[in-house]
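Here is the structure we will look at, set down as structure tokens.
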Amino acid sequence: MCDKLNIKKPTLSKSQKRKLKKIEEEKERELLSAKTSELLDKYKISEDVSLLLQSSKAIGRSDTKLEKRRRPMQLSKAGVLSDEPVKEKDDSDSLMDDEPTTPENRILTTLQTDSDQLIHDDELDSKVIMSAEEVCEEDEAKIREEDENMYMNLQRTRRDDDDEEGLQRMDVSEDVTVQGPAFVVHVSRPAEVEQTRKDLPIIMMEQEIMEAINYHPTVIISGKTGCGKTTQVPQFLYEAGFGSKQFSSRSGVIGITQPRRVAVLATAKRVAHELGVRLGQEVGFQVRYDKKIGENSAIKFMTDGILLREVKSDLLLRRYSVIILDEAHERSLNTDILIGMLTRSIKIRQEEYMRQQKFIQTGGTIASEKVISPLKLILMSATLRVEDFVSGQRLFPKPPPVIEVPTRQYSVTIHFSKRTDEVNYMGEAYKKVMSIHKKLPQGGILVFVTGQREVDNLCEKLRKSSKELVVQAARRDASEKKKLDDDGSFGGVDMKEIAEAFDDASNTQDYRFNSFGEDPSETGNVNYDDFDEEDMYESDEESDWETIEDDSLANSLVEDGKKFDALRAAFKALADKKGSESTEPTTSTEAEPEEEKKPFTPGKLRVLPLYAMLSPAAQLRVFEEVEEGERLVVVATNVAETSLTIPGIKYVVDTGRAKAKSFDIKTGMETYEVDWISQASASQRAGRAGRTGPGHCYRLYSSTVFSNTFEESSPPEITRVPVDGVVLLLKSMNIPKVENFPFPTPPEASSIKQAERCLKALEALDSDGRLTPLGKAMSDYPMSPRHSRMLLTVIQMLKEARDYSRANLVLGYAVASAAALSLQNPLIMQFEGENKNEYEDDKQRKKDRKDKIKAARDRFSNPSSDALTVAYVLHSFEAAENGVGFCESNGLHLKTMHEMSKLKDQLLRLVFSCCKSRRGEVMEKRGIVQNPALQQEEELLGEAICAGWADRVARKTRSTEYQACAVQEEPVFLHRWSSLINSAPELLVYSELLRTNKPYMHGATRVKPEWLDPKPYYSRELDRVFCWVVPSFGPHLWELPAHSEEVRDDRYRAAVFGCALLQGEVLPCLKSARALLAGKPETLLEREGWGLERVGSLVTALEKKKIDSLESLRKRWEQNSNLLYPEIEAWFQKKSRHHEIPCDNKSFESLHSTPSTLV
DNA sequence: GAGCACTGC
């Protein structure tokens, strides 16, 4: 069999050979698969034994330490005698307990050399072929014999068992038989896919990876972008029977999470394609608003948020057999929580599995749908920095193995700037791009800057320079024979322009806004007049740059300067070797740029901006082919670091900065700050230059700054953001002590405390920090707790106002407001994609656009609330015939509007599914536009918004200046763009406090004083009426924590008790009769309401008889059983009055003879 | 008179 495969056919041409080989292989494949299935039928064995078979499959490879240790144990378990001593071990232990825990051992596999790969590549056409070839190894027969003996033994023991235990065992053993050696699901990939797959280093590691997964509950796989881990590992699992209904212990779905929606879609499509199946069949996906997944899907791609929701409803994730958390190094909030949750899921599943196995062994039966198998967890990361996951015992009792996958990444040469310009990095970036363009061979340039405005400014400057460069070149060509000396411009770049780029007033102002915001004159480095011609040239001489060959080594190199030269030489040799092996020898791109000194004519620049807020169409332009002779320059924010990979980039210019939102935990004030990125980020940015060939990364900072100032990696999200949502989610999953949750990196204790304070203010937690029913309901909505609180308040209010005809409309507004407050304000228009070179034209257009936006804002503006304004915008957008045109003409951000619309629809569905009575009354979108909310409806919505932001109240001090209760030190301001700017109400709540020039409030809503007063209440425990008191202190009238005390005013006390009585808080029998009430009991609490007949008479009756507690009511009723009868009856609808009033003295007696019914 | 990196249920 082996010989056949190796037969040489020397007389044939290459393609003929290839064809012939293919045919042969096909034949072999058929033959072998027939043989295999024959064997499979013959030997039906247990899982334990199959594991043995798996390891022995790899003939020619010596056993790993792990296998050596495990084998005797498995043999003895399978009932096979073994000479080797058997270490007796609990099964659960054996799953967790593995190699010693030194870091070296944790790396099961390291880089595989390329030569290894060459050999294997030829053999590796498909998994089936591979195993077939292995089977034909010399020792095969011998081992087969041994195995056969083993199976015979096993069959014997099994039969004995069956005899003893009868039919009950049948189900289980049947399952086990299919699990036998056939741990292979046959896959037919398109030929083209097989071809490209072969080149992925990870393909060679399938066995190592699967082995690690088989033996460990958790495995970490690390490999840089492009190593194929995201697409291949799910396929390995699939081929090994995970997700297949045939293997009961692996029948659960393979779940893979991604932090971003686009990545979910892209990878799902890719894997479906590679497996040769249709998306939605074997391979499915789910993101927030989109889902394509079938009953038979074995592989499910999803965002981490989706899985988190699923964990919430089933902690054990019974639907899954494996969970892969991809991009774990990004340390996104959701991924971090999932890691913590899943460590628990694994543990419980394992315990449950053991319990079931024991039960089955003692003769019990378990319905097949209840059978539980262990859950596997795979963390995938682009960096080897996984200490947070493996260190300590918080997460995993035993550190999981780490498998490192090599990447076919081209070498990237790192150039550090020798000096670091603390302020004018934009000028440096401009200079570097122009000098690359002038001196270095073709290849795209990617520049990392911090924000949208920087992107736009730099784009503009570069475009202008490019234009002039072309003009210059043309002129030079024309006058070439005149042999003109250099005319004083740098490669055709006007020096004035360059100076302008540095000195531009608007620019410098921006850059000083960053975190190194000292006075530029003090830092010394910022003399803008410095840039004379000579400096321009010199600044880019080699002497100004420190060059390192491989980014991954940059770290160690800069740490030890002395060894630098020797190391550098060594690594250069390494890099050269790597380069020659892995790249196509295109000499023009292979040559070192430094050696490339010959003059060459720079062509046009194709300058493109890239940031997240850019329209998708504009973003896609970076993927377009560049014209002949053009050079692509992409000026990007952080999007290009993680979310988007641009093809054809050879040079990266890294400013080393990024803008990030920071958050003051005490005041809730947010700011955007420019700060240094982390070393990991820098390495990620550099890697973008090596995707299509060897590249270069120019860092506009020194290696000293890099190693001394840069953090090793960016802090995980959970340490940077408010965690109220996290705390609510965990509490809703029965984790009362959030601080004990096994976070990979726990949030600050103060952060958790603040979150609990917030949730208490929202009444999601009681004073002891326990989840309230309201909190439970809030956690079911896919929003931040504030938004869900607001929505639930509206629903509650509408329920109280029964049969309110416009309830749907109000709900529509509530949902739209929630959606509006959840996203960015769409009224902030982007001036994107406009031709900024046409100056006069541009100015006029800008003005036109501004006027248009202003008019639109006025049209939609609701003077009482920004949220309602945006809600109205949303309804109008949805009603518009042409959404795109609507956004265009009203200056709205299209992407935000689409997102908001989808969010609103999702919320509406959720709300309707909760309030079933209202389902079916489908809301007419057009109807809403024609029916703006009425005054009282606006107030209802305002009150609900107030409930969600009750701790973010501000009171006017003068004009648009406010004092916020969370900010003691300084005033806050109403933003000009707020729709409240003209009305500037006395009191308001804001959803966001952002410091730019001043602390500005965003998302403001007017508040009526009475909405803030905590309502007085009746305490059943104490049988007394209380009201809230907020003491104030000191000259600033600081509010101290609210506390409650008994209501002193007799009449008011009687009214509060009366309200509680009608609400059924006092007598449960009245609670059930509440639907029959003719009016709202809350009217009793408003003094204006006391003028009403039924309100006044009840309050008076209660006050007169001194009834303010159940105790006093009972006493009075004992004296006169008809007391209060008419006053209460007046509260019931007339049609219901001929029925017996549900609560008379008799029922009172019967109800209250047993005190337990009271509480 | 003024601006806001990037994600997600």
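Numbered from 1 within each chain, the chains take letters A, B, ... in sequence-line order. Everything numeric here is computed off the predicted structure, so don't read it as measured data.
In this structure, A:M783 and A:A660 both approach DNA chain B, and ranking their closest nucleotides by distance from the 5' end singles out A:A660. Nearest-nucleotide positions on DNA chain B for A:T637 and A:H975 put A:H975 closer to the 5' end.
Of the residues in residues 284-293 of chain A, those placing a heavy atom less than 4.0 Å from an atom of DNA chain B are A:V287, A:R288, in numerical order.
Counting heavy atoms of neighbouring residues, nucleotides and ligands inside a 6.0 Å radius, atom CD of A:E711 does not exceed 12 of them.
Under a cutoff of 6.0 Å and an axis angle of 45°, A:K461 and A:Y430 do not form a cation-pi pair.
The side chain of A:R261 places an N or O atom within less than 4.0 Å of a non-bridging phosphate oxygen (OP1 or OP2) of B:dC9. Listed pair A:N334 / B:dC9 fails the phosphate criterion, with no side-chain N or O lying under 4.0 Å from OP1 or OP2. The phosphate of B:dT7 has neither OP1 nor OP2 within less than 4.0 Å of any side-chain N or O from A:T642. Put simply, A:Q452 has a side-chain N or O that comes within less than 4.0 Å of OP1 or OP2 on B:dA5. Considering only side-chain N and O atoms, A:Y1000 lies under 4.0 angstrom from the phosphate OP1 or OP2 of B:dA2.
When the ring-ring contact (aromatic ring centres under 6.0 Å, His included) test is applied to A:Y1000, the partners found at least two apart in sequence or on another chain are A:H975. For A:E992, the side chain to side chain contact (heavy atoms under 4.5 Å, CB included) test picks out A:K661, A:E670, A:H1002, with sequence neighbours left out. Evaluation of the side chain to side chain contact (heavy atoms under 4.5 Å, CB included) rule for A:T303 yields A:R261, A:V264, A:V287, A:I306 as partners, not counting sequence neighbours.
Taking atom CG of A:L994 as the reference point, atom P of B:dA2 lies 14 Å away to the nearest angstrom. For the pair A:K902 NZ and B:dC9 P, the interatomic distance rounds to 10 Å; values are reported in whole Å. When the C1' atom of B:dT7 is taken as reference, atom CG of A:L325 falls 16 Å away, rounded to whole Å. Taking atom CD of residue A:E992 and atom C1' of nucleotide B:dA5, one finds them 13 Å apart after rounding to whole Å.
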Please tabulate, for the side chains in residues 717-730 of chain A, all donor-acceptor contacts under 3.5 angstrom to protein atoms that are two or more places apart in sequence or on a different chain.
from, atom 1, to, atom 2, distance (Å)
A:E717, OE1, A:L333, N, 2.7
A:T719, OG1, A:P716, O, 2.7
A:R720, NE, A:P715, O, 3.3

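Residue pairs satisfying the salt bridge (charged side-chain N to carboxylate O under 4.0 Å, His left out) criterion with at least one member in residues 786-795 of chain A, sequence neighbours excluded, are listed as follows: A:E763-A:R789, A:R786-A:D951.
Distances from the side chain of A:N997 to the nucleotides B:dC9, B:dC6, B:dG3 place B:dG3 closest. Distances from the side chain of A:T303 to the nucleotides B:dC6, B:dT7, B:dG8 place B:dG8 closest. Among B:dC6, B:dG3, B:dT7, the nucleotide with an atom closest to any side-chain atom of A:R260 is B:dT7.
If you check every strand for non-hydrogen atoms under 4.0 Å, A:I306 touches sugar and phosphate atoms only. Using a 4.0 Å heavy-atom distance criterion, A:A658 is classed as making no nucleic acid contact. Within 4.0 Å of A:S332, counting heavy atoms only, lies no atom of the nucleic acid at all.
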